[in-house]
S.K.: 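Sending over a structure as structure tokens; questions will come in a sec.
All values below come from the heavy atoms of this structure, side chains included, with hydrogens, waters and symmetry mates left out. Since this is a predicted model, take the numbers as computed values, not measurements.
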Amino acid sequence: MPAQASTSRPASPPLTARQEDRRRRILRASARLAGRGGFDAVQMREVAECSQVALGTLYRYFPSKVHLLVATMQDQLERMHGTLRRRPPAGGAPAERVARTLMRAFRALQREPQLADAMVRALTFADRSVSPEVDQVSRQTTAIILDAMGVEDPTDQQLSVVRVIEHTWHSALITWLSGRASIAQVRIDIETVCRLIDLPDPAAAER
């Protein structure tokens with residue numbers, strides 16, 4: 001495989017209101033098509049037609065289908081985060097709240113399995129050129145978990161735990177989508193990894 005000259009893209013200027021509206025239409029079209037037929041149903045020309053933008057314009061926003069579907073996942077998680085903020089998990093220890101939050105997010109994805117499969121496949125296929133979009137997905141997932149923990153200024157230990165929880169949640173989603181894990185097993189795995197939240201912070205103990 002030939003080496004890529006560059007894997008990073010320069011930071012884009014903020015979108016205007018019109019550009020943001022266009023981007024939203026593209027993401028909605030992507031989600032609709034994926035929800036109907038999964039990864040293969042998301043064809044860039046059809047996305048352009050459904051969102052009423054020129055094909056060249058679509059490629060300026062999203063250089064490939066993988067870029068588009070990873071951005072679609074970030075958008076879906078952002079919407080979930082808004083819902084979770086309006087109706088946060090009540091009571092319980094942080095580990096319990098995070099487990100309930102992630103299972104709510106999981107059930108939201110479960111309602112549209114073809115969309116979930118398309119987005120997860122895109123994450124799996126993503127190379128370094130998609131790093132900005134993948135980072136956005138990770139940041140959104142981190143924000144959801146930290147909100148459920150009730151933490152605004154996380155320690156390094158807490159961020160490390162959050163990363164492990166993210167990896168487990170993502171892995172559980174993949175195994176469920178592939179038919180290798182039941183919902184019950186997903187819940188057990190999520191609840192198990194969330195217990196890491198209650199572990200003492202070694203750095204705090206040394207102070």
S.K.: Quick check: do Val162 and Met149 have side-chain heavy atoms less than 4.5 Å from each other?
M.R.: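 When only atoms from C-beta onward are counted, Met149 and Val162 do touch, with a gap below 4.5 Å.
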S.K.: Could you report the tightest heavy-atom contact between Trp176 and Pro113, atom names first, then the distance?
M.R.: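 Looking at all heavy atoms of both residues, the closest pair is CH2-CB, 4.2 Å.
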S.K.: Group every Ile, Leu, Val, Met, Phe, Trp and Tyr by side-chain heavy-atom contacts under 4.5 Å, then state whether Ile188 and Leu196 land in the same group.
M.R.: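 The answer is no; the residues belong to distinct hydrophobic clusters.
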S.K.: Give me the atom names and distance for the closest heavy-atom approach of Ala116 to Leu109.
M.R.: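 The answer is CB-O, 3.8 Å.
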S.K.: Side-chain contact, heavy-atom cut-off 4.5 Å: Gln158 with Val161?
M.R.: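 Gln158 vs Val161: side chains apart.
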S.K.: Just so I know, are the side chains of Asp40 and Arg121 near enough to count as touching, which here means a heavy-atom distance under 4.5 Å?
M.R.: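 They are in side-chain contact.
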S.K.: Verify the neighbour count for atom CD of Gln52: are there more than 12 heavy atoms of other residues, nucleotides or ligands below 6.0 Å?
M.R.: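 Result for CD/Gln52: open.
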S.K.: As an exercise, state the distance from CE of Met119 to CD of Gln114, rounded to the nearest 0.5 Å.
M.R.: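 One finds 12.0 Å between CE of Met119 and CD of Gln114.
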S.K.: Could you tell me the separation between the OG atom of Ser131 and the NE2 atom of His67, rounded to the nearest 0.5 Å?
M.R.: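 So the gap between those two atoms works out to 8.5 Å.
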S.K.: Check the pair Arg187, Phe106 against side-chain contact (heavy atoms from CB on, under 4.5 Å), reporting the backbone distance first and the verdict last.
M.R.: CA-CA 9 Å; Arg187 181 179 292 106; Phe106 184 87; over 6 Å; no
S.K.: What is the distance from atom CD1 of Ile197 to atom CZ of Arg195, rounded to the nearest 0.5 Å?
M.R.: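 Reported to 0.5 Å precision, the distance equals 11.5 Å.
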S.K.: Here's a test for you: under side-chain contact (heavy atoms from CB on, under 4.5 Å), which of Ile174, Val66, Val70 qualifies with Leu123?
M.R.: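 Going through Ile174, Val66, Val70 one by one, the side-chain contact (heavy atoms from CB on, under 4.5 Å) with Leu123 is satisfied by Val70 alone.
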S.K.: Kindly compute the distance separating CG (Leu173) from OG1 (Thr168), expressed to the nearest 0.5 Å.
M.R.: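 It is 12.5 Å, given to the nearest 0.5 Å.
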S.K.: Taking all non-hydrogen atoms of both residues, which atom of Met80 and which atom of Ala108 are closest, and how far apart?
M.R.: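 Smallest heavy-atom distance, with atoms named: CE-CB, 4.0 Å.
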S.K.: I need the Arg32 CZ to Leu115 CG distance, nearest 0.5 Å.
M.R.: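 Nearest 0.5 Å value for the CZ-CG distance: 12.0 Å.
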S.K.: Ignoring hydrogens and geometry, is there a side-chain-to-backbone donor-acceptor pair from Ser51 to Val47 under 3.5 Å?
M.R.: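 The answer is yes, because a donor-acceptor pair under 3.5 Å joins these two groups.
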S.K.: Please check: side-chain N/O of Arg97 versus main-chain N/O of Gly92, any donor-acceptor pairing under 3.5 Å?
M.R.: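 Pair found, side chain donor or acceptor close to backbone of Gly92.
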S.K.: Taking the side chain as every heavy atom from C-beta outward, state whether Gln185 and Ser182 have any pair of such atoms under 4.5 Å apart.
M.R.: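 Answer yes - side chains close enough.
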S.K.: Check whether the side chains of Arg60 and Thr57 place a donor and an acceptor atom closer than 3.5 Å, and report yes or no.
M.R.: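 Yes, a side-chain donor-acceptor pair sits under 3.5 Å.
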S.K.: If you measure from CG on Leu68 to CD1 on Ile26, what distance do you get to the nearest 0.5 Å?
M.R.: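 CD1 of Ile26 is found 7.5 Å from CG of Leu68.
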S.K.: Salt bridge check: are Asp75 and Arg24 linked by an N-O gap of less than 4.0 Å?
M.R.: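 Yes, Asp75 and Arg24 are salt-bridged.
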S.K.: I want to check something: taking the side chain as every heavy atom from C-beta on, are Ile165 and Leu102 in contact at a cut-off of under 4.5 Å?
M.R.: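 A side-chain contact exists here, since the closest heavy-atom pair is under 4.5 Å.
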S.K.: Listed by chain and number, what are the side-chain hydrogen bond (donor to acceptor under 3.5 Å, both in side chains) partners of Gln76, not counting sequence neighbours?
M.R.: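 By the side-chain hydrogen bond (donor to acceptor under 3.5 Å, both in side chains) rule, Gln76 matches no residue at all.
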S.K.: If I compare all heavy atoms of Val130 with all of Ala126, which pair ends up nearest, and what's the gap?
M.R.: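 Smallest heavy-atom distance, with atoms named: CB-CB, 3.8 Å.
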S.K.: Taking atom types as modelled, find out whether Thr83 and Arg86 have a side-chain donor-acceptor pair closer than 3.5 angstrom.
M.R.: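 The criterion, which ignores hydrogens and geometry beyond distance, is satisfied for Arg86 and Thr83.
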S.K.: Quick one: does any side-chain atom of Glu133 pair with a main-chain N or O of Ala71 as donor and acceptor, under 3.5 Å?
M.R.: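 Here the side-chain-to-backbone pair does not exist.
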S.K.: Do Pro89 and Arg104 come close enough that some side-chain heavy atom pair is under 4.5 Å?
M.R.: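 Yes, side chains in contact.
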S.K.: So, applying salt bridge (charged side-chain N to carboxylate O under 4.0 Å, His left out) with Asp21, which one of Arg23, Arg25, Arg18 is it?
M.R.: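 Option passing the salt bridge (charged side-chain N to carboxylate O under 4.0 Å, His left out) with Asp21: Arg25.
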S.K.: Do the numbers put Lys65 on top of the ring of Phe125, so that NZ or CZ is under 6.0 Å from the six-membered ring centre and no more than 45° off the axis?
M.R.: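 Here Lys65 fails the 6.0 Å and 45° test against Phe125.
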S.K.: Minimum heavy-atom separation for Ala143 and His81, please, with both atom names.
M.R.: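 Smallest heavy-atom distance, with atoms named: CB-CE1, 3.6 Å.
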S.K.: With sequence neighbours excluded, what pairs up with Phe62 under the ring-ring contact (aromatic ring centres under 6.0 Å, His included) test?
M.R.: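 Per chain and number, Phe62 pairs via ring-ring contact (aromatic ring centres under 6.0 Å, His included) with no residue.
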S.K.: Might you point out which heavy atoms bring Ser30 and Thr72 nearest each other, and give the distance in Å?
M.R.: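 Scanning both residues completely, I find the closest heavy atoms to be OG-OG1, 2.9 Å.
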S.K.: Among all residues two or more places apart in sequence or in another chain, which pass the side chain to side chain contact (heavy atoms under 4.5 Å, CB included) test with Ser160?
M.R.: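 Per chain and number, Ser160 pairs via side chain to side chain contact (heavy atoms under 4.5 Å, CB included) with Arg163.
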S.K.: Does some side-chain heavy atom of Leu84 sit less than 4.5 Å from a side-chain heavy atom of Asp147?
M.R.: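 Sidechains of Leu84 and Asp147: no contact.
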